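Read the structure below first, then the notes.
Every chain is numbered from 1 and lettered A, B, ... according to where its sequence line falls, protein lines coming before strand lines. Model, not experiment: these values are computed from the prediction.
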Number of protein chains: 4
Amino acid sequence: MSREAADVSSGIREPAPTDIRGRPRDATRDTAINAATIDLLHERGYDHLSIEAVAARAGVGKTTIYRRHRDKAALVAAAIEHRAAGAPPDTASLGLRDALLVTVQWLAEQLTAQDGGMLGAAFAGMRSDPALAAAMQQVLHRDQAAMARQALGGAAERGESLAPGAVELFADVAPAVVVHRVLFSGQPCDTAFLEHVVDDVLLPLLRPPTTTPPL
Amino acid sequence: MSREAADVSSGIREPAPTDIRGRPRDATRDTAINAATIDLLHERGYDHLSIEAVAARAGVGKTTIYRRHRDKAALVAAAIEHRAAGAPPDTASLGLRDALLVTVQWLAEQLTAQDGGMLGAAFAGMRSDPALAAAMQQVLHRDQAAMARQALGGAAERGESLAPGAVELFADVAPAVVVHRVLFSGQPCDTAFLEHVVDDVLLPLLRPPTTTPPL
Amino acid sequence: MSREAADVSSGIREPAPTDIRGRPRDATRDTAINAATIDLLHERGYDHLSIEAVAARAGVGKTTIYRRHRDKAALVAAAIEHRAAGAPPDTASLGLRDALLVTVQWLAEQLTAQDGGMLGAAFAGMRSDPALAAAMQQVLHRDQAAMARQALGGAAERGESLAPGAVELFADVAPAVVVHRVLFSGQPCDTAFLEHVVDDVLLPLLRPPTTTPPL
Amino acid sequence: MSREAADVSSGIREPAPTDIRGRPRDATRDTAINAATIDLLHERGYDHLSIEAVAARAGVGKTTIYRRHRDKAALVAAAIEHRAAGAPPDTASLGLRDALLVTVQWLAEQLTAQDGGMLGAAFAGMRSDPALAAAMQQVLHRDQAAMARQALGGAAERGESLAPGAVELFADVAPAVVVHRVLFSGQPCDTAFLEHVVDDVLLPLLRPPTTTPPL
DNA sequence: AAATAACCGAGACGGTACGTCAAGTCTTGAG
DNA sequence: CTCAAGACTTGACGTACCGTCTCGGTTATTT
């Protein structure tokens with residue numbers, strides 16, 4: 001699903017599928033390019049990332065990159081798209097609180113590891129190419145949806161009662177709070193904070209409402 | 001307060017305050033530079049913003065910009081820092097729900113108006129200059145704190161009962177959810193969504209807990 | 001001969017001759033660059049010659065110039081090196097006096113035509129790059145040697161007696177006097193002066209000594 | 001005499017002599033500026049000489065230099081003009097050959113010491129400001145004339161016979177040959193060369209002609 | 001087997017912008 | 001009016017990358 005979506009934006013340079021004469025593209029190169037891009041994204045950040053450096057690092061000609069990606073933003077988008085996605089942790093055996101905690105911890109680690117380089121790409125590319133921005137947003141979105149389902153699935157199966165629409169609520173709020181903490185607040189996204197989020201935000205929201213407040 | 005904080009990072013090029021020899025800097029130029037920067041940020045977005053264009057638009061030599069700002073990121077940071085901040089709306093006469101609604105609406109407009117250009121600056125500059133990133137985060141933070149106080153101040157004065165730590169909770173959650181919607185979800189941040197946020201997220205969190213939840 | 005010598009100094013940016021990978025350089029550009037350089041040298045003089053103007057005039061990117069020449073001095077040196085040298089006039093049918101006169105006249109014209117722009121290059125570049133200065137000196141030297149041989153060759157063939165070492169003596173003295181007149185004295189290098197040089201300096205020196213001077 | 005000549009070109013910025021109100025110029029500064037200029041001319045050569053560096057080295061404001069000199073060329077011209085001129089050696093007690101030899105040796109040393117920096121100034125300034133070029137030429141000329149008179153004066157007094165117009169001839173030829181050797185030939189201007197010049201060029205020219213050649 | 005066609009590396013090319021340096025002018029406060 | 005300091009505009013510097021192009025050469029499929 002997300003595959004095709006991303007291909008819509010990054011695949012502008014796909015060869016016509018019917019005309020397969022001539023030497024086929026070397027898949028080795030795609031791998032090398034993606035790896036080099038991710039590497040340099042971490043080393044230098046988005047706007048100090050040069051395509052020439054990616055080409056050099058990947059041992060590849062610039063042509064080979066431009067044949068595959070329209071520009072820097074598309075290159076980065078594709079690299080992120082195809083990176084090892086890292087499945088969210090299995091929470092089937094955990095209680096609700098632990099399931100939430102493990103999940104937001106995993107989320108925070110993902111964001112910290114990726115360093116915001118990919119988000120920089122999203123922002124920088126947004127104005128130049130709205131389609132690219134859309135692709136980036138989808139990439140971000142897919143993991144969050146899957147994550148929400150899995151985090152709350154176990155609890156639901158075990159019959160824990162949840163507020164109606166809990167899955168959507170979780171998908172709206174949890175990533176928002178964690179992303180905001182990592183990127184904008186400048187404060188550490190440590191266990192203390194995550195416990196605060198779980199106990200003071202998520203649990204109150206997701207648990208079924210008690211009887212209407214007396215007053 | 002935020003002034004000094006920002007000066008720490010963007011003021012690397014400040015002249016030694018004790019050494020007042022020589023022609024003083026012309027404050028007119030700062031204004032022109034900031035205005036031109038904001039303009040072009042809106043017109044072209046962060047990564048298509050060139051310092052040469054800013055200089056031309058401001059009617060100023062490039063040197064005059066470089067004398068004040070180390071690079072593009074610092075220039076943008078300063079421009080945003082010194083822009084007219086736009087006070088959050090007065091909510092003293094409103095009930096809690098309306099106060100929250102008005103406030104998140106104002107927040108969404110602010111973000112939309114600024115187009116994410118300033119956030120692009122934050123991301124792009126993060127790796128190159130962590131101090132700059134810190135400054136940007138502070139800029140983002142200051143309004144949010146003030147906003148939270150004001151949004152909930154009126155309600156508290158009228159004796160509406162709030163959960164303990166409601167102000168902090170609001171400051172943590174509301175901007176996170178709205179920012180996330182605007183920047184990452186790709187979905188419209190319209191009234192329907194904002195009402196959803198207020199009714200399903202903020203109000204449940206901020207209202208005082210009813211009797212202890214049934215164990 | 002002079003080709004290789006000049007390439008040693010101006011060719012610092014030559015690509016390795018064995019490595020013929022990649023798109024080859026376009027010789028058209030060299031020609032355009034040299035022509036534009038010579039043009040602007042005449043129009044503006046050496047130190048008002050800007051590389052950007054050369055690029056514009058040649059219809060070429062700045063990079064294309066810097067790929068070939070380290071800096072302004074090298075650019076000018078190369079342009080002069082490759083310019084149409086202008087052969088000294090044929091003096092085979094003339095007597096000695098006329099041969100000398102025609103030759104120094106040609107020399108004076110050469111220097112006047114080149115405006116000292118090239119000599120300015122030599123001086124300006126000397127300190128920055130001694131190798132460049134050496135190349136310039138060679139360029140200056142080659143024509144003078146050829147000229148001396150030709151100017152006196154006809155006379156020698158016709159059996160006119162010359163002092164021993166006359167060719168070397170001529171090459172030492174004639175260019176020196178003419179160059180000095182044109183560049184340093186500020187006085188016109190007209191026919192009267194050139195006749196003076198021929199009659200009062202060159203002929204006395206080059207004619208064979210009469211009987212040993214009275215002790 | 002040469003003072004006024006130089007003042008014509010470099011003294012454009014002289015204060016009106018009648019209006020001597022206000023603080024008088026500090027002569028100390030002129031000295032410091034000239035010294036710094038000469039220093040830096042030797043260290044960096046003409047075209048790498050910056051007025052800002054001169055100001056810094058002289059411990060003087062840029063204004064103070066521009067109040068006195070129109071531009072770089074004028075600054076350098078003035079510095080050379082006012083430098084300790086170094087009188088040509090006394091040759092009264094020497095024979096003709098030794099007098100000539102000592103004089104051309106002194107000339108060669110002068111030129112070598114000044115490194116061509118000053119000649120670079122002459123060339124560079126020629127196109128921009130013909131008046132400056134004229135001044136530079138005069139500076140060059142005056143020493144040569146004085147030198148010629150002195151070199152041949154002793155011999156004449158002792159009754160050595162000289163060719164008619166010997167002084168002018170010497171002034172024309174000797175500096176030309178030496179300057180040309182130092183600046184253009186790239187070969188050393190050593191004693192061997194200077195003896196060659198004296199024995200093979202100057203003496204034959206300056207000694208009175210023997211009787212007309214027999215043939 | 002030969003022809004065809006796309007791939008690939010390398011790197012030249014015209015550009016745009018970078019961040020720096022210096023030129024020459026202007027503006028302050030102090031003397 | 002002079003001086004030191006330094007801000008200012010202007011313009012060129014030499015560098016880095018952009019995205020395009022042209023080479024020689026490679027690797028498949030199609031004739």
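- The two residues A:Val54 and A:Ala36 make their nearest non-hydrogen contact at O-CB, 3.8 Å.
- Regarding contacts with the backbone of E:dC8, a side-chain N or O of A:Arg67 is found under 4.0 angstrom from either OP1 or OP2.
- We find that CZ of D:Arg70 is positioned 10 Å from P of E:dT25, with the value rounded to whole Å.
- Remark: B:Arg57 engages B:Asp39, B:Glu43 in a salt bridge (charged side-chain N to carboxylate O under 4.0 Å, His left out) (not counting sequence neighbours).
- Under the 3.5 Å distance criterion, the side-chain polar atoms of D:Thr64 are left unmatched by any main-chain donor or acceptor of D:Val60.
- If B:Lys72 and C:Asp26 are placed on DNA chain E by their nearest nucleotide, the residue sitting closer to the 5' end is C:Asp26.
- A sub-4.0 Å separation between OP1 or OP2 of E:dA6 and a side-chain N or O of A:Arg68 is absent.
- Rounded to an integer number of Å, the gap from C:Glu52 CD to E:dT16 C1' is 12 Å.
- Rounded to whole angstrom, the span from the NE2 atom of D:His48 across to the P atom of F:dC13 amounts to 12 Å.
- For DNA chain F, the residues of residues 29-40 of chain B within the heavy-atom distance limit of 4.0 Å (strictly under) are B:Arg29, sorted by number.
- For C:Lys62, the side-chain hydrogen bond (donor to acceptor under 3.5 Å, both in side chains) test picks out C:Glu52, with sequence neighbours left out.
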Please encode protein proximity along nucleotides 25-31 of chain F as a string of B, S and -, counting only heavy-atom distances under 4.0 Å. BBBS-S-
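- End-to-end axis angle for the helix from E:dA1-F:dT31 to E:dG31-F:dC1, using five pairs per end and rounding to 10°, comes out at 20°.
- Among the nucleotides E:dG19, E:dA23, F:dC18, the one closest to any side-chain atom of B:Ile51 is E:dG19.
- The stretch residues 56-66 of chain B comes close to DNA chain F through B:Gly59, B:Val60, B:Gly61, B:Lys62, B:Thr63, B:Thr64, each having a heavy atom under 4.0 Å from the strand.
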